[in-house]
Amino acid sequence: QAGTVISGNAKFDFLYAPKTYAWSIVDENGVVISNGTVPYDNAYVDLPESTESGIRYEYTLNGTKLNGTGYTFTTEELDGLYALPFSRRPHPSYKEPIPAVEMIATSITTHRGCGGGCSFCSLALHQGRRIASRSEASILDEAKRIAAMPRGGSISDVGGPSANMWGAACRLDPSKCRRDSCMYPSICKGFSVDQRACIDLLRDVQATPGVKHVRVASGVRFDLALKDATALAAYTGEFTGGQLKIAPEHCVPDVLDLMRKPGMKPFEAFLEAFVRYSEAHGKEQYVIPYLMSAFPGCTDAHMRQLGDWL
């Protein structure tokens, strides 16, 4: 694993493996700090715990460098990062118009990381499964800066990998966790998030002088949203601008298991709730589902089933 080491017990998935792995830890200057071997045990390799937090190490297994998760920022560090004077404009090397620029320029990132651990997604690898959230004060300060921009009254998105994971944390001991996902096969009892606090945050952004509209365009984790009907009603009625992005990815149980995604039952329950809350607010709105084809293990027959479901 290459990255900033915060704690030990790094976990990797391998399709094949010998009986043991040789490992080494090399610092930034190429000096081998320690090395040894570890047994292969049920697709997990436990690497030695680092002695100093924040020191960058380079991990190799059997001579192969592996990219690991990036550094998990503290709230204070994230606040400092987003307080920097970004221009919110494309790099001058771009000569042609970029269609997404206007949306990106008026969006606010509330957190990094995702507890989903979907097997096709790199988010948990490069941002980590642990959620790193900005403070409300930092987010509201950015809302004020956007509102002062030309056409900054409409904030296109307030969220992250999953908008309803802002402020989430693990109530258990992450160093002892053997799960690949906080959400699959069911939401972990240790995964704690106050979705009503997310709604309060959105309302505070909405109340910022100069802000006229606030939307959640980055999407929400639908199985998590079903845990709080009050928050889901607010996401649907107050902060969806006609379309809400959702990622069921497929409909066939065998494929969903390979993806580490929840089944169709919670997705269809979410759709029913979305329609119900939209109608209650007098709004005609639609869900935009992300669907995937050609996933490893997904066959032509599976895709025909997906086509029939659609």
Side-chain angles (χ1 to χ4, degrees), residues 70 78 81-114 116 118 120-127 132-134 138-166 198 201-202 205-206 208-222 225 235-250 259 261 267 270-271 274 278 281 283-295 303 306-307 310:
L78 272 184
L81 173 64
Y82 284 95
L84 295 174
F86 293 105
S87 69
R88 310 187 87 92
R89 295 193 300 270
H91 191 276
S93 64
Y94 289 93
K95 304 304 180 184
E96 299 296 326
I98 303 173
V101 162
E102 187 170 345
M103 184 275 289
I104 295 171
T106 59
S107 67
I108 299 175
T109 298
T110 59
H111 62 281
R112 289 171 56 88
C114 181
C118 303
F120 54 81
C121 183
S122 64
L123 272 168
L125 298 177
H126 66 78
Q127 291 192 11
S133 299
R134 295 170 63 185
S138 170
I139 294 167
L140 294 178
D141 184 62
E142 185 173 1
K144 293 176 184 176
R145 296 198 301 272
I146 293 175
M149 296 167 47
R151 295 187 296 177
S154 293
I155 295 182
S156 62
D157 185 33
V158 180
S162 290
N164 53 339
M165 287 189 186
W166 177 69
C198 298
L201 171 69
L202 292 171
V205 173
Q206 177 80 68
T208 300
V211 172
K212 298 177 182 178
H213 308 287
V214 174
R215 298 290 181 254
V216 174
S218 54
V220 297
R221 179 83 187 198
F222 60 84
Y235 276 120
T236 304
E238 298 178 46
F239 302 108
T240 298
Q243 298 178 345
L244 181 66
K245 298 173 185 176
I246 298 295
E249 305 298 353
H250 215 282
M259 293 177 169
K261 295 291 290 185
F267 177 61
F270 178 88
L271 291 179
F274 181 83
S278 294
H281 283 82
K283 301 172 74 175
E284 181 179 347
Q285 302 191 127
Y286 302 90
V287 162
I288 305 299
Y290 289 120
L291 300 170
M292 188 180 298
S293 63
F295 183 80
M303 290 309 299
L306 177 59
L310 287 172

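Here the structure is a predicted model, which means the values were calculated and not measured.
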Legend entry - Backbone of Lys212 reached by a side-chain donor or acceptor of Gln206 within 3.5 Å: yes

Legend entry - Point-to-point distance, once rounded to the nearest 0.5 Å, from CD1 of Ile104 to CZ of Arg89: 15.0 Å

Legend entry - Glu142 CD to Ile108 CD1 distance, which is reported to the nearest 0.5 Å: 5.0 Å

Legend entry - Verdict with supporting geometry, Met165 and His111, side-chain contact (heavy atoms from CB on, under 4.5 Å): CA-CA 8 Å; Met165 287 189 186; His111 62 281; 3.9 Å; yes

Inset, instruction - State, yes or no, whether a side-chain contact exists between Ile246 and Ile288 at a heavy-atom distance under 4.5 Å. - result: no

Inset, instruction - Scan side-chain atoms only and decide if Thr106 and Ser156 contain a donor-acceptor pair under the 3.5 Å cut-off. - result: yes

Legend entry - Donor-acceptor under 3.5 Å (Trp166 side chain, Arg134 main chain): yes

Inset, instruction - Compare every heavy atom of Pro90 with every heavy atom of Ile98, then report the nearest pair and how far apart it is. - result: CD1-CB, 3.9 Å

Legend entry - Pairwise distance CZ(Arg145) to CZ(Phe86) - rounded to 0.5 angstrom: 9.5 Å

Inset, instruction - Give the minimum heavy-atom separation between Met303 and Ser293, together with the two atoms involved. - result: CE-CB, 3.5 Å

Legend entry - Validation row: Pro248, Leu291 side chains within 4.5 angstrom (heavy atoms): yes

Legend entry - Nearest-0.5 Å distance that lies between atom CG in Leu244 and atom CZ in Phe274: 5.5 Å

Inset, instruction - Mind checking the CE-CD spacing from Met259 to Glu249? Nearest 0.5 Å is all I need. - result: 6.0 Å

Legend entry - Side chain proximity check, Asp141 to Tyr82, heavy atoms < 4.5 angstrom: no

Inset, instruction - Check Thr236 against Ser278 and note the closest heavy-atom contact, atom names and distance. - result: CG2-OG, 3.2 Å

Legend entry - Minimum-distance pair of heavy atoms, taken over all atoms of Ala147 and Val211: CB-CG2, 3.9 Å

Legend entry - Smallest separation among heavy atoms of Ile146 and Ser107, with atom names: CD1-O, 4.0 Å

Inset, instruction - Apply side-chain contact (heavy atoms from CB on, under 4.5 Å) to Val158 and Phe239, showing your working. - result: CA-CA 10 Å; Val158 180; Phe239 302 108; over 6 Å; no

Legend entry - Short N-O contact, Lys283 and Glu238, less than 4.0 angstrom: no

Legend entry - side-chain contact (heavy atoms from CB on, under 4.5 Å) assessment of Phe270 paired with Val220: CA-CA 11 Å; Phe270 178 88; Val220 297; 4.3 Å; yes

Legend entry - side-chain contact (heavy atoms from CB on, under 4.5 Å) evaluation trace for Gln127 with Cys114: CA-CA 8 Å; Gln127 291 192 11; Cys114 181; over 6 Å; no

Inset, instruction - Find the distance between NE2 (His250) and NZ (Lys261) and round it off to the nearest 0.5 Å. - result: 13.0 Å

Legend entry - Thr240 (side chain) donor-acceptor with Tyr235 (main chain) under 3.5 angstrom: yes

Inset, instruction - Grab the two heavy atoms, one from Asn164 and one from Ala225, that are nearest each other, plus how far apart they are. - result: ND2-N, 3.5 Å

